[in-house]
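To start, the structure itself, in structure tokens.
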Number of protein chains: 2
Amino acid sequence: MSATPSPARRTGGRSAAVLAAVRSAVEELVAERGSAQVTIPMVAERAGVNPTSVYRRWGDAASMINDLATYRISPDRPLPDTGDLGEDLVRWAQEIIEHFRQPAAAALLRGGAAAAGAGDSDCLRNRRAEATLLIERAGDGPPVDDVIDHVIAPIVYRVLFRPWSLAEDDLAGALVSRLFAGR
Amino acid sequence: MSATPSPARRTGGRSAAVLAAVRSAVEELVAERGSAQVTIPMVAERAGVNPTSVYRRWGDAASMINDLATYRISPDRPLPDTGDLGEDLVRWAQEIIEHFRQPAAAALLRGGAAAAGAGDSDCLRNRRAEATLLIERAGDGPPVDDVIDHVIAPIVYRVLFRPWSLAEDDLAGALVSRLFAGR
DNA sequence: AAGTTAAAGCAAATATTTCTGCGTTAGAGT
DNA sequence: ACTCTAACGCAGAAATATTTGCTTTAACTT
């Protein structure tokens, strides 16, 4: 057998334009109406794209939203590197908080949470990978799960259920110092 | 002006039966297929109820799921009362963890998260009220927000994105002791 | 026990979403 | 340039969901 004939994807040009248009449309609509009220025909119209294209690429609204939520923060942006793990974590947390203060980002996270099932999807997996990287680079630090439990989880909780409380003064600093307190 | 003629609601008997049937149907379906894939006709059929009744009572699937998610744990169950705040919090956290290990409860929380918007809904508000009660009763203890950030938030995060990790040994104890560590 | 009417049921009309087949456009490799 | 065909667009069909007007049932009040 030939080793996967690789059907030659065509991701550039027109396809890329469709993706970009759909992405913006989804973000707008999800922020305006909530992920549960966003339908594919609605997205297609706003994006100026044929609904069929959206159906064929994503299948249904939930998958589409989850997919777009996962890649919302650039996964290859540079991470803070001050030489001090604590400081790096604070800055990293601040970036995440700022990100999720955008209503569109928060709405996408809600959609991602809804789609997350029995391990088949997790739109925050990139954040976990980043935490792992920061800690490994420092050579020593709290377990990744502690960072998730006490820095990411509180942020996510607030994004989902108490978005206004993300604006609290020095939230990132408070969370990170609690992280180091119990060691 | 007449003081609200009180249209005399009829919540008993048949209405209560419909509510119970719909509640079970929603829990089953949401656990089986995820909140995004649950439709009102589907729920009505499983519940053996006319779709129109569901439309008229809840309007749409998202509201229905959010509404049922909010009252999933009995809000007036007795809270732990050992005389020791730390111990009470551990037991309380354990109850919550156990609760959300039921797939139906986890699925409802996902639905509630999706529906939670700009403060218009929060299916965890009862948990916050309980934390407040425990702390006030003890007369002294960490701020409620700390309990939310470092006990509830990690639990919720795990329910939503890493459900298998809820089974971890003494999760409740670990979270609560971290809560008291930074004081 | 009788009266009032909220809430449920039913059925038909309407609206929306989803699927399918086929022609068109244009991305990627030669 | 030219070829091949992935991905898009379009239109009509099919499937689903939602609304509406009316009838029936039965929960509360007196």
Side-chain angles (χ1 to χ4, degrees), chain A residues 1-26 28-30 32-68 71 111 114-115, chain B residues 2-30 32-68 71 111 114-115:
Chain A
M1 0 240 146
S2 55
T4 314
S6 176
R9 297 270 80 94
R10 294 179 187 176
T11 56
R14 185 161 62 163
S15 285
V18 168
L19 175 58
V22 167
R23 187 188 295 278
S24 309
V26 168
E28 287 175 24
L29 287 166
V30 141
E32 286 169 20
R33 324 178 32 121
S35 65
Q37 317 289 344
V38 172
T39 67
I40 288 191
M42 200 179 262
V43 168
E45 179 179 305
R46 174 90 50 119
V49 151
N50 195 290
T52 306
S53 305
V54 182
Y55 280 116
R56 289 209 257 247
R57 205 192 279 202
W58 284 282
D60 64 273
S63 314
M64 175 185 68
I65 290 170
N66 184 57
D67 181 48
L68 298 181
Y71 298 103
Chain B
S2 55
T4 313
S6 177
R9 298 269 80 97
R10 294 178 187 180
T11 57
R14 184 160 64 163
S15 285
V18 167
L19 175 59
V22 167
R23 185 188 298 277
S24 309
V26 168
E27 291 187 7
E28 288 174 24
L29 288 166
V30 142
E32 285 169 20
R33 325 180 29 125
S35 65
Q37 318 289 344
V38 172
T39 67
I40 288 189
M42 199 179 264
V43 168
E45 180 179 302
R46 175 87 53 117
V49 150
N50 195 290
T52 306
S53 306
V54 181
Y55 280 115
R56 290 212 251 248
R57 204 191 282 201
W58 284 283
D60 64 274
S63 314
M64 175 185 68
I65 290 170
N66 184 58
D67 181 47
L68 298 180
Y71 297 102

Exercise for review: Take A:Val38 and A:Val26 through the test side-chain contact (heavy atoms from CB on, under 4.5 Å) and record every step on the way to the result.
Suggested key: CA-CA 8 Å; A:Val38 172; A:Val26 168; 5.5 Å; no
**Study point:** Estimated bend of the helix from C:dA1-D:dT30 to C:dT30-D:dA1 (axis per five terminal pairs, rounded to 10 degrees)
**Key:** 70°
Exercise for review: Go through the side-chain N and O atoms of A:Asp60 and A:Ser63 and say whether any donor and acceptor fall under 3.5 Å apart.
Suggested key: yes
Study note, to complete from the structure: Comparing nearest nucleotides in DNA chain C, the 5'-proximal residue of the pair B:Thr52, B:Leu19 is B:Leu19
Point to revise | Along DNA chain C, first and last positions that approach a heavy atom of chain A under 4.0 Å | key: C:dT17 to C:dA28
**Study point:** 4.5 Å side-chain heavy-atom contact, A:Val43 and A:Leu29
**Key:** yes
Practice item. Encode nucleotides 22-30 of chain D as B, S and - characters from 5' to 3', where the letter depends on protein heavy atoms closer than 4.0 Å: B to the base, S only to sugar-phosphate, - to neither. Key: B--BBBS--
Point to revise | Least distance between heavy atoms, A:Arg33 atom then A:Gln37 atom | key: O-CG, 3.1 Å
Study note, to complete from the structure: Closest non-hydrogen contact found for B:Ala62 with B:Ala115 is O-CB, 4.3 Å
Revision key, fill the gap. Closest non-hydrogen atoms of B:Trp58 and B:Met64, given as atom of the first, atom of the second and distance, are CD1-CA, 3.6 Å
**Study point:** Closest heavy-atom pair and its distance - B:Asn50, B:Ala44
**Key:** C-CB, 4.1 Å
Study note, to complete from the structure: Between the OG atom in A:Ser53 and the CG atom in A:Leu19, the distance rounded to the nearest 0.5 Å is 12.0 Å
Practice item. Evaluate the side-chain proximity of B:Val22 to B:Arg57: yes if any heavy-atom separation is below 4.5 Å, no if none is. Key: no
Study note, to complete from the structure: Contact check, residues 32-46 of chain A vs DNA chain C, heavy-atom distance under 4.0 Å, returns A:Thr39, A:Pro41
Revision key, fill the gap. Residues passing the salt bridge (Lys or Arg N to Asp or Glu O under 4.0 Å) test with B:Arg46, sequence neighbours excluded, are B:Glu28, B:Glu32
Study note, to complete from the structure: By salt bridge (Lys or Arg N to Asp or Glu O under 4.0 Å), A:Glu45 pairs with (sequence neighbours left out) none
Revision key, fill the gap. Whichever of A:Ser53 and B:Asp60 has the more 5' nearest nucleotide on DNA chain D, that residue is A:Ser53
